[in-house]
Amino acid sequence: MAQQSSILGETLFALAGIAIRRRDRTLGLTAASTLVTLERTGARRLTDLAVNEDVTQPSMTALVTQLEKLGLAERRRDPADARVVLVAITRAGRQHLRGMRRAGAAMLTGLIDELDEQDAGALTAALPALLRLAELAAENQNSRTD
């Protein structure tokens with residue numbers, strides 16, 4: 001079972017890598033990841049984002065400035081403490097992420113459509129397990145950022 005898990009993990013990782021390499025290059029991976037974090041967790045302090053993305057604070061400051069210039073994120077004052085600046089995703093940022101997800105899904109859908117009926121059926125049968133795997137990944141990510 002461990003060997004099958006390893007093969008499955010490597011295969012899923014390879015598919016993710018293909019989708020990532022074929023993505024829109026408007027944003028780097030850290031910028032896209034930062035937007036996903038803001039979408040999932042809400043407005044955050046710049047220092048929290050830097051820790052979450054494992055980059056320096058100056059790097060995160062530059063990244064947030066880039067996201068602001070693109071209209072994908074904004075800085076705002078913390079209502080609880082006006083001295084604190086929070087970074088939040090904008091409507092355009094949410095739309096950008098939706099577009100990225102749709103493009104990635106379309107790329108994978110195109111590959112799935114090339115499978116024969118038996119292989120496509122096997123993927124369909126695996127869908128509940130894949131959905132649960134995505135849930136576990138999200139739970140794991142949420143526990144890291146809480």
Side-chain angles (χ1 to χ4, degrees), residues 3-79 84-146:
Q3 186 174 358
Q4 272 188 323
S5 292
S6 179
I7 292 168
L8 282 168
E10 288 177 19
T11 302
L12 291 171
F13 187 79
L15 286 170
I18 291 166
I20 287 169
R21 282 189 299 280
R22 292 187 184 175
R23 70 180 170 70
D24 174 4
R25 301 293 178 152
T26 304
L27 297 180
L29 293 176
T30 304
S33 178
T34 299
L35 277 182
V36 169
T37 297
L38 292 171
E39 179 187 51
R40 191 181 69 251
T41 65
R44 305 274 302 265
R45 289 177 182 227
L46 200 131
T47 52
D48 294 339
L49 289 171
V51 168
N52 188 69
E53 299 301 327
D54 197 25
V55 298
T56 64
Q57 188 166 342
S59 293
M60 183 54 67
T61 299
L63 189 146
V64 167
T65 299
Q66 174 197 17
L67 292 173
E68 277 186 306
K69 287 179 180 176
L70 293 169
L72 304 177
E74 64 185 6
R75 287 180 170 97
R76 55 171 80 144
R77 293 286 175 196
D78 185 341
V84 175
V85 175
L86 299 175
V87 180
I89 190 169
T90 63
R91 172 182 269 169
R94 290 180 195 284
Q95 290 171 342
H96 186 82
L97 288 178
R98 273 194 301 279
M100 285 178 57
R101 289 180 183 121
R102 277 194 296 266
M107 186 278 301
L108 291 171
T109 299
L111 292 174
I112 292 166
D113 289 345
E114 293 182 30
L115 295 174
D116 63 32
E117 205 170 301
Q118 183 178 357
D119 286 342
L123 280 179
T124 300
L127 188 56
L130 291 169
L131 290 170
R132 180 62 187 134
L133 188 62
E135 287 174 8
L136 289 171
E139 290 169 8
N140 185 12
Q141 181 65 31
N142 287 339
S143 67
R144 277 188 26 206
T145 58
D146 290 343

Check: residues 84-98 side-chain donor-acceptor pairs under 3.5 Å, at least two apart:
unit_1, atom_1, unit_2, atom_2, d
T90, OG1, G71, O, 2.5
T90, OG1, L72, O, 3.2
T90, OG1, A92, N, 3.4
T90, OG1, G93, N, 3.1

Quiz item: By side chain to side chain contact (heavy atoms under 4.5 Å, CB included), which residues pair with A50, not counting sequence neighbours?
Solution: V55, M60
Self-check item: Residue list, side chain to side chain contact (heavy atoms under 4.5 Å, CB included) with T109, at least two apart or on another chain
Solution: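 T109 satisfies side chain to side chain contact (heavy atoms under 4.5 Å, CB included) with D113 only.
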Quiz prompt | Check against side-chain contact (heavy atoms from CB on, under 4.5 Å), V36 and R101 | solution = CA-CA 11 Å; V36 169; R101 289 180 183 121; 4.0 Å; yes
Which atom pairs, donor and acceptor, lie under 3.5 Å between side-chain atoms of residues 117-138 and protein residues at least two apart or in another chain?
unit_1, atom_1, unit_2, atom_2, d
T124, OG1, A120, O, 3.0
R132, NH1, E135, OE1, 3.0

Nearest-0.5 Å distance, [atom1] of residue [X] to [atom2] of residue [Y]:
X	Y	atom1	atom2	result
L15	L108	CG	CG	6.5 Å
Q57	T61	CD	OG1	5.0 Å
L46	R44	CG	CZ	11.0 Å
L63	T34	CG	OG1	5.0 Å

Quiz item: Considering only heavy atoms from C-beta outward, does the side chain of N52 approach that of T41 to under 4.5 Å?
Solution: no
Quiz item: Do L38 and L49 have side chains that get closer than 4.5 Å, going by heavy atoms?
Solution: yes
Quiz item: Considering residues at least two apart in sequence or located in another chain, which fulfil the side-chain hydrogen bond (donor to acceptor under 3.5 Å, both in side chains) criterion with T30?
Solution: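 Counting only residues at least two positions away or on another chain, T30 forms no side-chain hydrogen bond (donor to acceptor under 3.5 Å, both in side chains).
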Practice problem: Taking side-chain hydrogen bond (donor to acceptor under 3.5 Å, both in side chains) as the test, write out the residues that go with S59, two or more places apart. | Solution: T56
Quiz item: What do the steps show when you test M107 against I18 for side-chain contact (heavy atoms from CB on, under 4.5 Å), and what is the final call?
Solution: CA-CA 9 Å; M107 186 278 301; I18 291 166; 4.0 Å; yes
Quiz item: salt bridge (Lys or Arg N to Asp or Glu O under 4.0 Å): which pairs involve residues 52-78, sequence neighbours left out?
Solution: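 Sorted pair list: E68-R75, E74-R76.
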